[in-house]
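Heads up: the structure comes next, in structure tokens.
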Amino acid sequence: MNRYFYTFGSDPGFPYQNGWVEVRAASREEADRKFRARFPDRPGHEGIMNYAFCYNEQRWAEMDPEHTWTGWKLHEIIE
């Protein structure tokens, strides 16, 4: 199982602000499906997922946001 990290900025249209959601899935495609099932596209923006950026585990570890993004936090885990 891989971990994918979907981040949110300060836009109040995002499900959360200033943080991320972790999705555990076998592939990015599966992670996207799980994310969309929990957080559908915004009305009027169908086809555009409702997050700012997505990172795989390797890139996430390189950035180390849990220790460097002050005030940001994990909001939920989707399995």
Within-4.5 Å side-chain heavy-atom neighbours: [X] and [Y]:
{"X": "Phe53", "Y": "Phe5", "answer": "no"}
{"X": "Phe8", "Y": "Val21", "answer": "yes"}
{"X": "Asn2", "Y": "Asn56", "answer": "no"}

Results of ring pair (Phe, Tyr, Trp, His ring centres under 6.0 Å) for [X] - residues two or more places apart only:
{"X": "Phe35", "answer": "Tyr6, Phe39, Tyr51"}
{"X": "Tyr4", "answer": "none"}
{"X": "Trp72", "answer": "Trp69"}

Could you give the distance from CE (Met1) to CD (Glu30), rounded to the nearest 0.5 Å?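 Rounded to the nearest 0.5 Å, the CE-CD separation comes out at 6.0 Å.
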For residues 7-21, which residue pairs qualify under salt bridge (Lys or Arg N to Asp or Glu O under 4.0 Å), counting only residues two or more places apart or in two chains?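 Passing the test, one end in residues 7-21: Asp11-Arg42.
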Give every residue pair that meets the salt bridge (Lys or Arg N to Asp or Glu O under 4.0 Å) criterion with at least one member in residues 52-66, sequence neighbours excluded. Arg3-Glu57, Arg59-Glu62
Which residues pass the side chain to side chain donor-acceptor pair (under 3.5 Å) test with Asp41, not counting sequence neighbours? Arg36
Partner set under side chain to side chain donor-acceptor pair (under 3.5 Å) for Tyr16, not counting sequence neighbours: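 For Tyr16, the residues satisfying side chain to side chain donor-acceptor pair (under 3.5 Å) (neighbours in sequence not counted) are Glu76.
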Start with the C-alpha gap between Arg28 and Cys54, add the side-chain angles, then the distance that decides, and say whether side chain to side chain contact (heavy atoms under 4.5 Å, CB included) holds. CA-CA 9 Å; Arg28 170 67 189 270; Cys54 181; 3.5 Å; yes
When clusters are formed by joining ILVMFWY residues with side-chain heavy atoms under 4.5 Å apart, either directly or through shared neighbours, do Trp60 and Leu74 land in the same one?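 Yes, Trp60 connects to Leu74 through the hydrophobic network.
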What residues form a side chain to side chain contact (heavy atoms under 4.5 Å, CB included) with Thr70, not counting sequence neighbours?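 Partners of Thr70 under the side chain to side chain contact (heavy atoms under 4.5 Å, CB included) test: none.
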All side chain to side chain contact (heavy atoms under 4.5 Å, CB included) counterparts of Ala52, not counting sequence neighbours: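 Partners of Ala52 by the side chain to side chain contact (heavy atoms under 4.5 Å, CB included) criterion, ordered by chain and then number, come out as Thr7, Phe14.
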Give the other cluster members for Ile48, using side-chain heavy-atom distances under 4.5 Å between Ile, Leu, Val, Met, Phe, Trp and Tyr residues; answer none if it is isolated.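 The other cluster members (ILVMFWY side chains, heavy atoms under 4.5 Å, direct or chained): none.
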Look only at the side chain of Glu29 and the backbone of Ser27, and say whether a donor-acceptor pair between them is shorter than 3.5 Å.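 The answer is no, because no donor-acceptor pair under 3.5 Å joins these two groups.
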Between Pro40 and Asn50, which heavy-atom pair has the shortest distance, and what is it? O-CB, 3.8 Å
Which pair of heavy atoms, one from Ala31 and one from Ala25, lies closest together, and at what distance?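 What the structure gives for the nearest pair is N-CB, 3.5 Å.
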With sequence neighbours left out, what residues match Arg24 under salt bridge (charged side-chain N to carboxylate O under 4.0 Å, His left out)?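 If we apply the salt bridge (charged side-chain N to carboxylate O under 4.0 Å, His left out) test to Arg24, skipping adjacent residues, the hits are Glu22, Glu79.
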